[in-house]
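Written out below as structure tokens is the structure these notes cover.
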Amino acid sequence: VEARELILMDTVRIKKPTLREELRTDLLHYYDATKMAHSPGPVEIITEDFHLKSGNMDYDLSTDGYDFGNRVHVNL
């Protein structure tokens, strides 16, 4: 593990209360040097407006950009 890498495992829940969003996954890597978060496995994002499921996710905190892959499903 890199010195500036954070690994979250087992029932990971990240909430953005002001946006009423919640991210759920079982494994999330965060790399401080690049401000990137990566989940190699299934991810759910739940909001008041939609429910997204995907097989994996990359998130760039510096641009607020998401990249989802492997069977992405969205319920509006």
Side-chain angles (χ1 to χ4, degrees):
V1 173
E2 297 284 328
R4 297 185 65 166
E5 177 183 354
L6 174 66
I7 300 172
L8 303 173
M9 297 183 289
D10 299 326
T11 315
V12 177
R13 303 288 185 259
I14 298 176
K15 294 183 179 185
K16 291 183 180 180
T18 57
L19 298 176
R20 297 183 179 158
E21 293 181 3
E22 182 176 357
L23 180 141
R24 298 177 181 177
T25 188
D26 285 328
L27 178 61
L28 185 72
H29 296 263
Y30 173 68
Y31 305 96
D32 188 52
T34 60
K35 304 295 186 225
M36 292 291 295
H38 172 69
S39 180
V43 173
E44 288 184 77
I45 294 181
I46 301 165
T47 75
E48 290 182 339
D49 299 323
F50 66 88
H51 185 157
L52 181 145
K53 291 183 180 182
S54 76
N56 57 53
M57 177 203 74
D58 289 305
Y59 174 57
D60 186 337
L61 279 80
S62 62
T63 65
D64 199 31
Y66 291 88
D67 185 18
F68 299 101
N70 196 9
R71 297 187 180 202
V72 178
H73 299 273
V74 179
N75 293 323
L76 302 173

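When all heavy atoms of Thr11 and Asp26 are compared, the closest pair comes out as N-OD1, 3.3 Å. The shortest heavy-atom contact between Gly41 and Thr25 is O-OG1, 4.4 Å. Considering all non-hydrogen atoms of both residues, Ser54 and Gly69 come closest at CB-O, 3.8 Å.
Scanning for ring pair (Phe, Tyr, Trp, His ring centres under 6.0 Å) contacts around Tyr66 gives Tyr59, Phe68, with sequence neighbours left out. With sequence neighbours excluded, no residue forms a ring pair (Phe, Tyr, Trp, His ring centres under 6.0 Å) with Tyr30.
Remark: Met9 CE to His29 NE2 distance equals 8.5 Å, nearest 0.5 Å. Remark: Glu44 CD to Arg24 CZ distance equals 6.0 Å, nearest 0.5 Å. To the nearest 0.5 Å, atoms CG (Leu52) and CD (Glu21) are separated by 10.5 Å. Here the NE2-CG distance, from His38 to Leu27, works out to 8.0 Å after rounding to the nearest 0.5 Å. Atom CE of Met57 sits about 5.0 Å away from atom CG of Leu23, to the nearest 0.5 Å.
Other residues, nucleotides and ligands contribute over 12 non-hydrogen atoms within 6.0 Å of the NZ atom of Lys35. Annotation for Arg13: atom CZ counts as buried by contact number, over 12 foreign heavy atoms lying within 6.0 Å.
For residues 46-62, the pairs satisfying salt bridge (Lys or Arg N to Asp or Glu O under 4.0 Å) are Arg20-Glu48, with sequence neighbours left out.
Residues Leu28 and Ile46 are members of separate hydrophobic clusters, defined by side-chain heavy-atom contacts under 4.5 angstrom among Ile, Leu, Val, Met, Phe, Trp and Tyr. Placement of Leu19 and Leu76 in two distinct hydrophobic clusters is found when ILVMFWY residues are connected by side-chain heavy-atom separations under 4.5 Å, directly or transitively.
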| Step by step, would you call Val43 with Asn56 a side chain to side chain contact (heavy atoms under 4.5 Å, CB included)? | CA-CA 6 Å; Val43 173; Asn56 57 53; 5.8 Å; no
Walk me through whether Leu6 and Asp32 qualify under side chain to side chain contact (heavy atoms under 4.5 Å, CB included). CA-CA 8 Å; Leu6 174 66; Asp32 188 52; over 6 Å; no
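Proximity of a side-chain donor or acceptor of Asn75 to a complementary backbone N or O of His51 within less than 3.5 Å is not detected.
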